[in-house]
Amino acid sequence: MEYFCYHRDRVGSVALRDELLEEHWAYMDRYGAEMIARGPTFHDGGEAPTGSVHIVDLPGPDAARAFAFDEPNYQAGVYRDVLLRRWRNLLGRTMWDFPGGREGGNRYLVLGLGSGTGADLAVPPAKDELIAYGPLLSDDGVTWLGTAVLLRARDADAARAVLTADRYADIEVHDWQFGGRAS
């Protein structure tokens, strides 16, 4: 089962986050085979992190909760909250398979939260600019709750346009970059 996990940073936690970087990476290394995508979000074009995205394929909800809440930064209080949802990988690939590679261009997390009839359930035509794409789902995987996208786009407005605006209660756009240890 695939899960989307977004840990949002607590204000003023950058120093603690930096202190725990090696512990965070070591923890994530344990999930290397299950990882679909990962990486930090940032303030608009800034250097300061605002959160951490992880999309993982895990055996079930208990494993997903353990993954999200046993994470060292969460345990130490770096994060203010966690969004954990079932997710479906409509691209069928990982971020490491992204044709655009790790570098170049502006990268974004686009997070659309909604309810009712699902929206944006088909992969958009600009597939080569998509790093990860899929619906956010209820715990049982049946009810649509939104859409999560990682993509390369010219700017935040172009990134936001990947989702149908009037179908969501809110659409967030965050600067994002490939995560993990440098190779």
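Quick note: numbers below take in every heavy atom, side chains included, and nothing from hydrogens, waters or symmetry partners. Bear in mind that the values here come from a model prediction, so they are computed numbers and not experimental data. FYI, the numbering just counts along the sequence from 1.
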May I ask you to decide if N89's main-chain N or O and E2's side chain share a donor-acceptor pair within less than 3.5 Å?
-> yes
Should V110 and L151 be marked as a side-chain contact (heavy atoms from CB on, under 4.5 Å) after you check the CA-CA gap, both sets of side-chain angles, and the distance that decides it?
-> CA-CA 8 Å; V110 180; L151 78 159; 3.5 Å; yes
H7 and R80: CA distance, side-chain angles, deciding distance, side-chain contact (heavy atoms from CB on, under 4.5 Å) verdict = CA-CA 8 Å; H7 292 95; R80 70 175 165 94; over 6 Å; no
Please check if L58 and M95 belong to a single hydrophobic cluster, counting links between Ile, Leu, Val, Met, Phe, Trp and Tyr side chain heavy atoms closer than 4.5 Å.
-> yes
Say whether, by atom type as modelled, one donor and one acceptor occur between the side chain of R85 and the main chain of D139 under 3.5 angstrom.
-> no
Here the gap from L145 atom CG to F4 atom CZ, rounded to the nearest 0.5 Å, amounts to 12.5 Å
Student check: side-chain heavy atoms of V82 and Y74 closer than 4.5 Å | yes
Shortest non-hydrogen contact between A132 and I55, atoms and distance = CB-CD1, 4.0 Å
Taking C-beta and beyond as the side chain, do T143 and L137 meet within less than 4.5 Å on heavy atoms?
-> no
Side-chain heavy-atom pair L136, W87 within 4.5 angstrom cut-off | yes
Which heavy-atom pair separates V162 from P124 by the least distance, and what is that distance?
-> CG2-CG, 3.8 Å
Are any of the side-chain heavy atoms of V149 and I131 separated by less than 4.5 Å?
-> no
So, for D155 and N106, which heavy atoms are closest and what is the spacing to 0.1 Å?
-> N-ND2, 4.4 Å
Donor-acceptor side-chain pairing of D120 and T164 below 3.5 angstrom | yes
Given the rule that I, L, V, M, F, W and Y join up when any side-chain heavy atoms are under 4.5 Å apart, are W176 and L163 in one cluster?
-> no
Kindly indicate, with the supporting measurements, whether the criterion salt bridge (Lys or Arg N to Asp or Glu O under 4.0 Å) is fulfilled by D81 and R10.
-> CA-CA 8 Å; D81 60 53; R10 185 174 46 79; over 6 Å; no
Closest approach of P135 to W144 (non-hydrogen atoms, all atoms of both residues) | CB-CD1, 3.8 Å
Check the surroundings of atom CD in E22: do more than 12 heavy atoms from other residues, nucleotides or ligands lie under 6.0 Å from it?
-> yes
Does Q75 reach the main-chain N or O of F69 with its side chain, forming a donor-acceptor pair under 3.5 Å?
-> yes
Euclidean distance, Y168 OH relative to L113 CG, rounded to 0.5 Å | 9.5 Å
Closest approach of P59 and M1, non-hydrogen atoms and distance?
-> O-CE, 3.9 Å
Do the rings of F98 and F178 sit parallel, tilted or perpendicular, given the 30° and 60° boundaries?
-> tilted
Does E172 pair with R8 as a salt bridge, N-O distance under 4.0 Å?
-> yes
Over 12 non-hydrogen atoms of neighbours within 6.0 angstrom of CZ in R30 | yes
Side-chain contact, heavy-atom cut-off 4.5 Å: V173 with D157?
-> no
Test side-chain contact (heavy atoms from CB on, under 4.5 Å) applied to D175 and H43, step by step = CA-CA 7 Å; D175 288 359; H43 287 291; over 6 Å; no
Nearest-0.5 Å distance that lies between atom CZ in R167 and atom OG in S115 = 9.5 Å
Decide, yes or no, whether a salt bridge links R152 with D128 under the criterion of side-chain N to carboxylate O below 4.0 Å.
-> no
Among the clusters formed by ILVMFWY side chains lying less than 4.5 Å apart, do Y108 and L90 turn up in the same one?
-> yes
D18 CG to H24 NE2 distance, which is reported to the nearest 0.5 Å = 11.5 Å
Compare all side-chain heavy atoms of E19 with those of S13 and state whether any distance is below 4.5 angstrom.
-> no
Rounded to the nearest 0.5 Å, what's the gap from CG on L16 to CG on N73? Could you check?
-> 7.0 Å
What pair of heavy atoms forms the shortest contact from L84 to A68, and how long is it?
-> CD2-CB, 4.1 Å
Rounded distance (nearest 0.5 Å) linking atom CH2 of W96 with atom CD1 of I36 | 9.0 Å
Answer whether the closest heavy-atom distance between the side chains of R181 and D29 falls below 4.5 Å.
-> yes
If Ile, Leu, Val, Met, Phe, Trp and Tyr residues are connected whenever their side-chain heavy atoms lie under 4.5 Å apart, and connections chain through other members, are M35 and L109 in the same group?
-> yes
Centroid-centroid distance, F67 to Y3, less than 6.0 Å = no
4.5 Å side-chain heavy-atom contact, S52 and Y6 | no
Using the rule that two of Ile, Leu, Val, Met, Phe, Trp, Tyr join whenever any of their side-chain heavy atoms come within less than 4.5 Å, decide whether V123 and L121 are in one cluster.
-> yes
Any Lys/Arg nitrogen of D9 or R17 sitting under 4.0 Å from an Asp/Glu carboxylate oxygen of the other?
-> yes
Where do C5 and V56 land on the side-chain contact (heavy atoms from CB on, under 4.5 Å) test, with the steps shown first?
-> CA-CA 8 Å; C5 182; V56 290; 5.8 Å; no
